[in-house]
Asker: 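Take a look at this one; I'll ask things after.
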Amino acid sequence: DGGITQSPKYLFRKEGQNVTLSCEQNLNHDAMYWYRQDPGQGLRLIYYSQIVNDFQKGDIAEGYSVSREKKESFPLTVTSAQKNPTAFYLCASSPPGTSGRGFTDTQYFGPGTRLTVL
Amino acid sequence: GQNIDQPTEMTATEGAIVQINCTYQTSGFNGLFWYQQHAGEAPTFLSYNVLDGLEEKGRFSSFLSRSKGYSYLLLKELQMKDSASYLCAVRVWRGYSTLTFGKGTMLLVSP
């Protein structure tokens, strides 16, 4: 079965600790994304990667870091510099679009990781 | 900048029809997506419009008017399991292809 996996589903960390959230996909998608979701807020883009070894900051990248060493994997590190890290984190991936203009196609989401910093 | 507006909450009765509206103001528009999200779960893709008009998929339909910056999601024959948040997202070009999401509309279906 093809899909996107995120682990763990729930994660607890002490304030001041860095934590890495896992995201793996076997859909052979080039583009991968990290979003953060807070109550009453829409999904906000943290980082985006279109291909291996390349990624760009989204709207709220401060306090986060990513790597894209393999096509299948796009881990997100929440650093101690992130002031309000408690949130629901969603990873997504998408295939290339068909318009030939650089747009990616529908984004598909993993099950999410709920991070709580104590 | 991007601005997407949806009602915060809606209620409806099982078996009824409900329309969830979404208005947007954005540059570089290249399509509008609707996702369904149950509490604590990931969003799941429902529909996509890039041209004006109506797209129908079973009990769900989505409409787009690009000139008015307006879309709606129509849910027919509502079921209890349709109680969820419905997210409107606009695809734009910002040096890369990305989605900008509205805050979502929480739909509660009652018996």
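Chain identifiers are assigned alphabetically (A, B, ...) following the order of the sequence lines, protein sequences preceding nucleic acid strands; residue numbering begins at 1 within each chain.
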Asker: Under the criterion side chain to side chain contact (heavy atoms under 4.5 Å, CB included), I'd like the reasoning laid out for A/Y35 against B/F101: C-alpha separation, chi angles, the key distance, then a yes or no.
Answerer: CA-CA 10 Å; A/Y35 293 91; B/F101 284 83; 3.8 Å; yes

Asker: Using a cut-off of 6.0 Å, state whether more than 12 heavy atoms not belonging to B/K103 lie near its atom NZ.
Answerer: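 For B/K103, atom NZ is not crowded (no more than 12 foreign heavy atoms under 6.0 Å).
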
Asker: In the single-linkage hydrophobic clustering (I, L, V, M, F, W, Y; side-chain heavy atoms under 4.5 Å), do A/W34 and A/I4 co-cluster?
Answerer: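 No, because A/W34 and A/I4 fall into different hydrophobic clusters, even though each may have its own neighbours under 4.5 Å.
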
Asker: Do B/M10 and B/L74 sit in one hydrophobic cluster, given that two such residues count as connected whenever their side-chain heavy atoms are within less than 4.5 Å of each other, even indirectly?
Answerer: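 In one cluster: no.
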
Asker: Kindly work out whether a path of hydrophobic side-chain contacts (I/L/V/M/F/W/Y, heavy atoms less than 4.5 Å apart) joins A/L76 to A/L45.
Answerer: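 Each belongs to a different hydrophobic cluster.
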
Asker: Is A/Q37 close to chain B through its backbone or its side chain, or both, or neither, when contacts mean heavy atoms under 4.5 Å?
Answerer: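 The answer is the side chain of A/Q37.
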
Asker: Can you say whether B/L87 sits under 4.5 Å from chain A via the side chain, the backbone, both, or neither, judging by heavy atoms?
Answerer: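 Interface part for B/L87: side chain.
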
Asker: Does any backbone or side-chain atom of B/Q37 lie under 4.5 Å from a heavy atom of chain A? Answer side chain, backbone, both or neither.
Answerer: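 For B/Q37, the side chain is the part near chain A, not the backbone.
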
Asker: Inspect the surroundings of NZ in A/K9 and state if more than 12 heavy atoms from other residues, nucleotides or ligands are less than 6.0 Å away.
Answerer: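 Enclosed.
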
Asker: Tell me, for A/L90 versus chain B, whether the close heavy atoms (under 4.5 Å) come from the side chain, the backbone, both or neither.
Answerer: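 For A/L90, side-chain heavy atoms alone lie under 4.5 Å from chain B.
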
Asker: Check whether A/R114 gets within reach of chain B through its side chain, its backbone, both or neither, counting any heavy atom under 4.5 Å.
Answerer: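 Just its side chain gets close to chain B.
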
Asker: Please flag which part of B/F45 lies under 4.5 Å from any non-hydrogen atom of chain A: side chain, backbone, both or neither.
Answerer: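 The side chain, not the backbone.
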
Asker: Do other residues, nucleotides or ligands put more than 12 heavy atoms under 6.0 Å from the CD atom of B/Q79?
Answerer: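 Counting other residues, nucleotides and ligands, CD of B/Q79 exceeds 12 neighbours.
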
Asker: Hey, what do you get for CD (A/Q107) to OG1 (B/T98), rounding to the nearest 0.5 Å?
Answerer: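 Between atom CD of A/Q107 and atom OG1 of B/T98 there are 6.5 Å.
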
Asker: Between B/Y35 and A/F109, does the ring centroid distance fall short of 6.0 Å?
Answerer: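 Centroid separation for B/Y35 and A/F109: below 6.0 Å.
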
Asker: Is the number of heavy atoms from other residues, nucleotides or ligands within 6.0 Å of CD (A/Q17) greater than 12?
Answerer: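 Yes, the 6.0 Å shell around CD holds more than 12 heavy atoms from other groups.
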
Asker: Assess whether atom NZ of B/K68 is packed by more than 12 heavy atoms of other residues, nucleotides or ligands within 6.0 Å.
Answerer: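 Open: at most 12 neighbouring heavy atoms sit under 6.0 Å from NZ of B/K68.
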
Asker: If I take atom CG from residue B/L99 and atom CG from residue A/L43, how far apart are they, to the nearest 0.5 angstrom?
Answerer: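 Going from the CG atom of B/L99 to the CG atom of A/L43 covers 9.5 Å.
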
Asker: So, taking the atom named CZ in B/F33 and the one named OG1 in A/T106, what distance separates them when rounded to the nearest 0.5 Å?
Answerer: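 Here the rounded value is 4.5 Å.
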
Asker: For a quick test of reading the model, state the closest non-hydrogen atom pair linking B/A42 to A/G110 and the distance between them.
Answerer: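 Between these two residues, the closest heavy atoms are CB-O, 2.7 Å.
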
